[in-house]
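Inspection log for the structure reproduced underneath, given as structure tokens.
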Amino acid sequence: MIQISLPDGQKKSFDHPVSVQDVAASIGAGLARATLAGKVDTRLVDASFVVDHDARVEIITEKSPEALDILRHSTAHLMGQAVQRLFPGAQVTIGPVIDSGFYYDFAYDRPFTLEDLPKIEVEMHNIVDERLKVTRRMASRTEAMAFFMQLGETYKVEIIQAMSANEALSLYSQGEFTDLCRGPHVPHTGKLHSFKLMKVAGAYWRGDVNNAMLSRIYGTAWLSDQDLKAYLLQLAEAEKRDHRKIGKALNLFHQQEASPGMVFWHPKGWAIWQQVERYMRTVYRKGGYHEVRCPQLLDVSLWKKSGHWDHYQENMFFTESEKLNFALKPMNCPGHVQIFNTRLHSYRDLPVRYGEFGSCHRNEPSGALHGIMRVRAFTQDDGHIFCTPAQIQAEVTAFHTQAMAVYADFGFEQVDVVLALRPDKRIGSDDAWDKAETALRNALIQAGVQWTELQGEGAFYGPKIEYHMCDSIGRSWQMGTMQVDFMMPERLGAEYIDEHSQKKCPVMLHRAIVGSMERFIAVLIEHYAGALPTWLAPVRAVVLSITDAQTDYAAEVSAILTNKGFRVESDLRNEKIGYKIREHTLQKVPYQLVVGDREKAERAVSVRIRSGGRPDGIMPLAEFIRHLEAEVCH
């Protein structure tokens with residue numbers, strides 16, 4: 001007798017091995033129709049998977065969190081089948097699920113183009129209508145190689161050759177199409193309906209420039225047509241908000257091949273940067289941080305001690321001088337340890353908090369660079385706290401409160417918290433990692449925070465709390481982090497004297513709220529579509545004269561506001577006022593102050609807000625100044 005335990009506590013008994021689909025059918029016909037896959041104990045499996053032992057079984061439907069990845073994986077196979085029907089001889093290589101969709105790399109005698117995508121989509125829908133059954137069979141390495149060799153799928157053969165000789169392989173088939181895959185997949189192609197092919201790109205086989213160039217087709221798939229439509233609308237809105245386009249239109253920054261992955265800040269863009277930095281500097285002070293500054297170049301020997309040499313050197317820039325090897329710092333933490341080590345600390349001194357707007361360089365692949373979102377040179381609002389183990393919880397909890405207040409001030413109302421746990425490539429003992437992960441969990445519990453956990457996503461030296469901000473069109477951006485590190489301070493010789501006069505190694509907390517300043521500003525630009533709040537706007541107001549008769553007064557108003565500390569421009573050109581208003585509206589200036597003869601006579605301004613309206617019509621200049629002071633008081 002086989003006993004099946006269900007998530008709601010029910011138990012079902014069967015006198016023979018039973019498939020996940022049969023378990024669903026025993027519960028109800030509606031559930032059987034909705035079944036996409038199953039979970040047996042902790043393993044995701046196909047609906048056809050046969051359970052031959054006592055187990056906990058969960059039925060995966062469209063309501064399950066695992067459903068979307070399964071649908072996307074199966075839709076990738078659907079695309080592969082459609083391509084091979086339309087383009088005989090095309091080889092499918094690798095096709096993983098990615099954020100919001102999937103892709104497949106194809107080898108064919110010509111590159112695929114955007115013009116091919118509508119035809120492939122039509123064929124995909126034809127295959128959906130055929131409701132082809134999806135089946136799985138196991139094969140030995142030898143059998144699988146022979147099978148794909150017969151099909152002329154040389155890339156699949158190469159994949160199999162790189163696998164373990166005794167590894168059993170699973171092959172998934174639907175109609176005439178078969179692929180090497182771990183699964184699981186939907187029961188039949190009729191389950192796939194809400195998808196769209198998005199773009200094509202070139203991709204080297206296995207990411208190696210010495211290998212053949214393949215055609216990569218990207219697609220997206222969703223649980224419903226409504227979800228697909230919402231995603232496509234979000235993409236269209238994101239295109240309008242692209243920080244690279246807005247940065248150019250508003251004259252904020254530029255990038256060029258002479259310095260790939262780095263940023264040339266223009267005056268208006270640098271004004272935004274400075275405002276963010278000034279704000280964050282007050283956060284440092286209120287949080288009890290001492291601001292420091294460390295060198296850009298450090299001897300390679302220090303990076304070997306810290307663990308970066310073994311775990312991060314592929315992302316670092318190196319240079320040599322007088323037969324000494326140096327690295328441009330990719331992180332600020334080793335430098336802060338050097339400052340801590342310059343004097344002997346008592347336990348009464350702790351916690352010691354250092355903050356730095358630290359410039360870092362990381363050798364990101366050129367294909368990963370994206371505007372100022374992903375760069376090779378960036379600055380962090382970086383901080384490190386040296387504390388005792390007993391102080392971890394209070395410090396993490398205080399940081400959480402501080403970070404959430406910052407995000408609210410910048411206009412981010414929804415912030416999700418994620419706990420990223422130990423990666424495979426790491427330093428330190430499992431016991432140290434257990435302590436670090438437990439400390440972060442306890443701090444989140446004390447802060448009353450709900451969180452999700454990501455296995456394997458921590459830094460090589462410690463687990464971390466990640467803060468994911470949701471922007472105005474629903475996208476999530478990972479920004480701030482708080483990391484517990486028992487390893488690096490020990491490796492770099494950090495010590496304090498405890499209450500028993502014994503030398504102890506402090507715990508090191510790595511924290512950042514906005515993270516990369518470049519990336520944070522890019523997110524702000526896209527979040528607000530360039531129309532930044534007045535306190536962040538590079539130009540807060542522009543003074544416009546109607547005719548030359550008001551030139552002196554307009555210049556005076558501009559000077560008064562500038563002397564008050566506001567970022568203000570004046571437009572005294574001999575142009576029609578409508579033309580001027582339109583031009584500065586496109587520049588997304590929060591306030592336009594129009595001055596004509598009446599305004600000049602009354603020492604007033606006619607106020608136009610960014611949306612084009614007039615909040616109070618003519619306003620005395622002194623009153624407008626009070627209004628602006630209240631709005632930019634961050």
Side-chain angles (χ1 to χ4, degrees), residues 292 294 298-316 327 329-345 347 349-356 358 360 362 380 382-396 399 418-444 453-466 480-498 502-512 515:
V292 298
C294 293
L298 293 171
D299 191 279
V300 162
S301 62
L302 184 64
W303 299 108
K304 290 181 178 179
K305 288 180 183 178
S306 70
H308 289 83
W309 179 264
D310 293 329
H311 298 271
Y312 206 77
Q313 65 172 296
E314 67 274 11
N315 297 110
M316 296 170 67
K329 64 176 181 179
M331 301 176 188
N332 301 296
C333 32
H336 289 190
V337 180
Q338 305 315 301
I339 297 176
F340 183 85
N341 287 352
T342 57
R343 58 180 289 256
L344 187 60
H345 295 271
Y347 71 95
D349 300 330
L350 305 186
V352 172
R353 307 181 187 95
Y354 295 142
E356 179 180 4
C360 298
R362 296 181 185 175
Q380 293 178 302
D382 211 356
H384 294 91
I385 303 167
F386 297 87
C387 65
T388 69
Q391 293 170 330
I392 294 174
Q393 189 166 311
E395 289 297 311
V396 174
F399 170 80
V418 173
L419 183 55
L421 305 175
R422 68 195 74 184
D424 293 334
K425 191 176 181 181
R426 61 182 184 268
I427 59 176
S429 67
D430 286 343
D431 181 58
W433 277 88
D434 289 341
K435 290 178 182 177
E437 291 173 354
T438 299
L440 288 181
R441 288 192 183 99
N442 288 341
L444 290 173
E453 297 191 355
L454 286 178
Q455 300 293 331
E457 294 299 318
F460 72 85
Y461 48 79
K464 58 182 176 177
I465 298 171
E466 297 178 349
T481 59
M482 165 58 82
Q483 305 170 21
V484 175
D485 184 356
F486 287 96
M487 275 70 80
M488 193 178 298
E490 181 178 2
R491 293 170 71 104
L492 296 179
E495 292 178 334
Y496 70 96
I497 304 299
D498 72 5
Q502 300 295 311
K503 287 185 177 181
K504 293 288 182 69
C505 179
V507 180
M508 187 178 185
L509 306 180
H510 307 245
R511 44 72 71 212

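Under the side-chain hydrogen bond (donor to acceptor under 3.5 Å, both in side chains) criterion, His311 pairs with no residue at all, not counting sequence neighbours. Here Asp310 pairs with nothing under the salt bridge (Lys or Arg N to Asp or Glu O under 4.0 Å) rule; sequence neighbours left out. In terms of the salt bridge (Lys or Arg N to Asp or Glu O under 4.0 Å) criterion, Glu490 has no residue partners (sequence neighbours excluded). With sequence neighbours excluded, the residues that form a side-chain hydrogen bond (donor to acceptor under 3.5 Å, both in side chains) with Asp430 are Arg426. For Lys304, the side-chain hydrogen bond (donor to acceptor under 3.5 Å, both in side chains) criterion is met by no residue, not counting sequence neighbours. Every side-chain contact (heavy atoms from CB on, under 4.5 Å) that Ile339 has, sequence neighbours left out, goes to Val292, Cys294, Tyr354. When the salt bridge (Lys or Arg N to Asp or Glu O under 4.0 Å) test is applied to Arg353, the partners found at least two apart in sequence or on another chain are Glu395. In this structure Thr388 satisfies the side-chain contact (heavy atoms from CB on, under 4.5 Å) test together with Leu350, Ala390, Gln391, Tyr496, sequence neighbours excluded. Residues passing the side-chain contact (heavy atoms from CB on, under 4.5 Å) test with Glu314, sequence neighbours excluded: Lys425. Residues passing the side-chain contact (heavy atoms from CB on, under 4.5 Å) test with Ala443 are Gln393, Val396, Thr397, sequence neighbours excluded. The side-chain hydrogen bond (donor to acceptor under 3.5 Å, both in side chains) check on His384 picks up His336, His510, with sequence neighbours excluded. Legend: residues meeting salt bridge (Lys or Arg N to Asp or Glu O under 4.0 Å) with Glu457, ordered by chain and number and at least two apart, are absent.
Closest heavy-atom contact between Leu492 and Asn341: O-ND2, 2.9 Å. For the pair Pro489 and Cys505, the tightest heavy-atom approach, listed with the atom from each and the gap, is C-SG, 3.7 Å. Of all non-hydrogen atoms in Pro330 and Tyr312, the two that sit nearest each other are CB-CE2, 3.8 Å. Of all heavy-atom pairs between Ala436 and Val484, the closest is CB-CG1, 3.8 Å. Contact between Val300 and Ala327 at its shortest, heavy atoms only, is CG2-N, 4.3 Å. Nearest approach of Ile392 to Ala439, heavy atoms of both residues: CG2-CB, 3.8 Å.
Note that the CG atom of Leu444 and the CG atom of Leu419 stand 6.5 Å from one another [nearest 0.5 Å]. Atom CD1 of Ile427 and atom CG of Asp485 lie 6.5 Å apart (nearest 0.5 Å). Summarising the geometry, atom NZ belonging to Lys329 is positioned 8.0 Å from atom CG belonging to Asp382; distances are rounded to the nearest 0.5 Å. Rounded to the nearest 0.5 Å, atoms NZ (Lys305) and CE (Met488) are 13.5 Å apart. Of the inter-residue distances, the one linking Gln483 atom CD with Cys333 atom SG reads 8.0 Å to the nearest 0.5 angstrom. Rounding to the nearest 0.5 Å gives a distance of 12.5 Å between CD of Gln313 and CH2 of Trp303.
Note: Phe460 and His308 have perpendicular aromatic rings, judged against thresholds of 30 and 60 degrees for the angle between ring planes.
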Intermediate values then yes/no, side-chain hydrogen bond (donor to acceptor under 3.5 Å, both in side chains), Ser301 and Asp299:
CA-CA 5 Å; Ser301 62; Asp299 191 279; 2.7 Å; yes
If you apply the rule side chain to side chain contact (heavy atoms under 4.5 Å, CB included), what do you find for Lys435 with Val507, and how did you get there?
CA-CA 11 Å; Lys435 290 178 182 177; Val507 180; over 6 Å; no
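In this structure a side-chain-to-backbone donor-acceptor pair under 3.5 Å is missing from Glu437 to Leu421. Within the 3.5 Å criterion, the main-chain N or O of Leu302 finds no donor-acceptor partner in the side chain of Trp309.
Only one option out of Lys464, Glu466, Arg511 pairs with Met482 in a side-chain contact (heavy atoms from CB on, under 4.5 Å); it is Arg511.
Residues Gln380 and Met331 form no side-chain contact, since every pair of their non-hydrogen atoms from C-beta on lies 4.5 Å or further apart.
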